[in-house]
Amino acid sequence: MPTDAPAWRLKSSLAGIEWPAVPDMRSGLVCSLLRQMESEQWLAPHEIAARQSLQLAQIVRHAARSVPWYRAHWPPGLVAQWSDGAPVRADDFARLPCLSRRELQAQFDQLQSGAVPSEHGPLADGSSSGSTGTPVRFRKTYLNQLIWEALTLRDHAWHARDLLQTLCIIRRGEAGEADNWGMATRMFHTGPAHLCPVSVDVQAQLAWLVQRAPGYLLTYPSLALQLATLALEQGVRLPSLREVRTFGEPLDAQVRQACHEAWGVPVNDTYSSEELGYLAIRCPHSGHYHVQSENVLLEVLDDDGNACAPGACGRVVVSGLLNFAMPLIRYELGDMAEAGPPCPCGRGLPVLARILGRTRNMLVTADAKRYWPTFGFRDSGATRVVQRQVVQTAPGQVQIRYVSTSALAPEEEARLVAQVAQRLPPGMRVDALRVDGIGRSASGKFEEFVSLVAAPAAP
């Protein structure tokens, strides 16, 4: 187990045996996976890529042999070669069409394998609520659950978390309490976990946190920002808090700054999807994201389908390496990310410098140019504003929708408008609208910027 987390104490599965602890078979498998991953992450990038290519060939050949959708949509010559066990060359793989969320949504049956290895364990169905507007169903194996648990432990290990602390979670779901942190850590002694639904009022959420005194808070970046901002305004401290953990939305410097100012703690993030599990985990040293190469091959592609160089942004295309029940090969998540250079921490895992969010939430101008708008709202001067969202309603127009405890004076609203306008291309019209509430998606996520405008054809 990780040497930098001395509080990680194994539970024994055998009656009367406390030390040395004897874990059950499932826990033993997860711990073995973690130990292997933590050792091999220090391999050179080319060595990790070589091992990953071996596994990619396995899943691609399996898909060519047993998944109807790929047999129908991949080049027939490649399907025949790969079905016979031919090597999977990088240039041939790059020719494969991308699988869209809409195709996954419509082709659930055709994307299932008819020859799942029995050793991969029982099958289970899952679904994504569709923060992109396209909900999907998928199927996984028991092996995929084990990998998810091992990567959860890797995240804990990288950030040297003390599992004996209290964990508070604010996300979609029903209120609840447990005497442990969850399935991934069930083989260790842990502190309690408490869940508060994201639908609860933010003021009540902050009071809930004060009452439970967490060592760790797990929630969405947008909600962490709201909670930290409110705590700063009201002087609410969380003295036992060690770290804020975020997921589900892009994390920016504003969130990290607010949590540091309010509570003096760092913010660490993970990048994942319901369909594929962990995609990348934030590096504890550089702050960049390490792609979880044991689980996925992640490509960042430009508009021409070429791999982006470090520093360039492109769309995220992912191939799951271990799901033989429903292989998702070159699956386009609908996200954008920035490719990164090798990490100075020494891990050979590929790097993402930033996760930018959904492709549908890019600002579109009348001349077909696209931008990633970012907004710094905390210095707007309108302290009664508790929630804000910028919505593009037309190629030359955006609207800032806000929730406030009382009506803003005209000059306060004008400051909000000016703040948004200075972050946009010249000529964009900005107006403001006070609303009663701004909802989250079905998955509990909040989007700071939403574009309702389709990208026009370039002249």
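With rounding to the nearest 0.5 Å, the separation of CG in Leu328 from CG in Leu111 is 7.0 Å. To the nearest 0.5 Å, the span separating CG on Leu298 from OH on Tyr289 amounts to 13.0 Å. Residue Asp179 holds its CG atom at 11.5 Å from NE2 of His189, rounded to the nearest 0.5 Å. Atoms CG and CD, from Leu43 and Glu40 in turn, are 5.5 Å apart once rounded to the nearest 0.5 Å. Atom CD1 of Ile169 sits about 11.5 Å away from atom CD of Glu177, to the nearest 0.5 Å. Note: Gln292 CD to Leu276 CG = 13.0 Å, rounded to the nearest 0.5 Å.
Checking Gln36 against Ser39 by side-chain atom types alone, no donor-acceptor pair falls below 3.5 Å. With 3.5 Å as the limit, one finds a donor-acceptor pair spanning the side chains of Arg139 and Gln112. Inspection of the Asp269 and Thr246 side chains reveals an N or O donor paired with an N or O acceptor under 3.5 Å. A donor and an acceptor atom, one from each side chain of Ser100 and Glu332, are nowhere located under 3.5 Å apart. There is a side-chain donor-acceptor pair under 3.5 Å between Trp158 and Gln41. A donor-acceptor pair shorter than 3.5 Å cannot be found between the side chains of Tyr278 and Asp155.
The two atoms that bring Ala280 and Leu352 nearest to each other are CB-CD1, 4.4 Å, heavy atoms only. When all heavy atoms are compared, the tightest approach of Leu349 to His290 is O-ND1, 3.3 Å. Closest approach of Val67 and Gln110 over heavy atoms only: CG1-O, 3.5 Å. Heavy-atom minimum distance, Ile59 versus Leu321: CB-O, 3.9 Å. Leu153 approaches Ala184 most closely through the heavy-atom pair CD2-O, 3.5 Å. Closest of all the heavy-atom pairs between Cys313 and Leu356 is SG-CD1, 3.5 Å.
In this structure, the side chain of Arg95 does not engage the main chain of Asp92 through any donor-acceptor pair within 3.5 Å. For Ser12 (side chain) and Val22 (main-chain N/O), a donor-acceptor pair under 3.5 Å exists by modelled atom type. Side-chain atoms of Asn180 never come within 3.5 Å of backbone atoms of Pro192 as a donor-acceptor pair (strictly under, hydrogens ignored). Arg354 places no side-chain N or O within donor-acceptor distance of the main-chain N or O of Glu338, the cut-off being under 3.5 Å. Here the side chain of Ser83 pairs a donor or acceptor atom with the backbone of Val79 at under 3.5 angstrom. Within the 3.5 Å criterion, the main-chain N or O of Ala44 finds a donor-acceptor partner in the side chain of Glu47. Here the side chain of Asn323 pairs a donor or acceptor atom with the backbone of Ala325 at under 3.5 angstrom. Looking only at distances, a side-chain donor or acceptor of Arg315 sits under 3.5 Å from a matching main-chain atom of Asp302. Put simply, the side chain of Thr152 gets close to the backbone of Trp148: a donor and an acceptor are under 3.5 Å apart. Here the side chain of Gln105 pairs no donor or acceptor atom with the backbone of Val136 at under 3.5 angstrom.
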Checklist entry - Run the side chain to side chain contact (heavy atoms under 4.5 Å, CB included) check on Arg347 and Cys283 step by step: do they pass? => result CA-CA 9 Å; Arg347 293 177 175 87; Cys283 178; 4.1 Å; yes

Item to check | Stepwise side chain to side chain contact (heavy atoms under 4.5 Å, CB included) test for Val398 and Leu424 | outcome: CA-CA 9 Å; Val398 301; Leu424 299 174; 3.5 Å; yes

Checklist entry - For Glu299 and Val316, what are the C-alpha separation, side-chain angles and deciding distance, and is it a side chain to side chain contact (heavy atoms under 4.5 Å, CB included)? => result CA-CA 6 Å; Glu299 303 172 81; Val316 176; over 6 Å; no

Next on the checklist: Apply side chain to side chain contact (heavy atoms under 4.5 Å, CB included) to residues Leu225 and Gln254 and explain how you reach the verdict.
Outcome noted: CA-CA 8 Å; Leu225 177 60; Gln254 187 181 10; 4.0 Å; yes

Item to check | Worked verdict on Thr393 versus Gln399 for side-chain hydrogen bond (donor to acceptor under 3.5 Å, both in side chains) | outcome: CA-CA 7 Å; Thr393 56; Gln399 182 178 74; over 6 Å; no

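For Trp74 and Trp82, the ring centers are positioned less than 6.0 Å apart. Ring pair Trp181/Tyr216: centre-to-centre distance below 6.0 Å.
In this structure, His260 and Val265 have side chains that are not in contact, with every pair of non-hydrogen atoms separated by 4.5 Å or more. Counting only heavy atoms from C-beta outward, the side chains of Asn268 and Arg161 approach each other to under 4.5 Å. Between Arg101 and Tyr331 there is a side-chain heavy-atom pair separated by less than 4.5 Å. For the pair Cys168 and Thr219, the minimum side-chain heavy-atom distance is 4.5 Å or more. Using a 4.5 Å heavy-atom threshold, the side chains of Asp125 and Phe138 count as separate. Residues Ile170 and Leu217 meet the side-chain proximity criterion, which asks for heavy atoms closer than 4.5 Å. In this structure, Asn144 and Met326 have side chains that are not in contact, with every pair of non-hydrogen atoms separated by 4.5 Å or more. When side chains are defined from C-beta on, Glu38 counts as touching Arg154, because their heavy atoms get closer than 4.5 Å.
Judged by the 6.0 Å and 45° rule, Arg137 forms a cation-pi pair with Phe108. Geometric assessment of Arg330 against the ring of Phe93 yields a positive cation-pi assignment under the 6.0 Å and 45° thresholds.
Classification of Arg26 and Asp24 as a salt-bridged pair fails, no side-chain N sitting under 4.0 Å from a carboxylate O. Taking 4.0 Å as the cut-off between side-chain N and carboxylate O, Glu275 and Lys140 do not count as a salt-bridged pair. Taking 4.0 Å as the cut-off between side-chain N and carboxylate O, Asp162 and Arg242 count as a salt-bridged pair.
Ring geometry for Phe324 versus His62: interplanar angle of 30 to 60°, hence tilted.
Annotation: Gln422, atom CD; neighbour count of heavy atoms from other residues, nucleotides and ligands within 6.0 Å is above 12.
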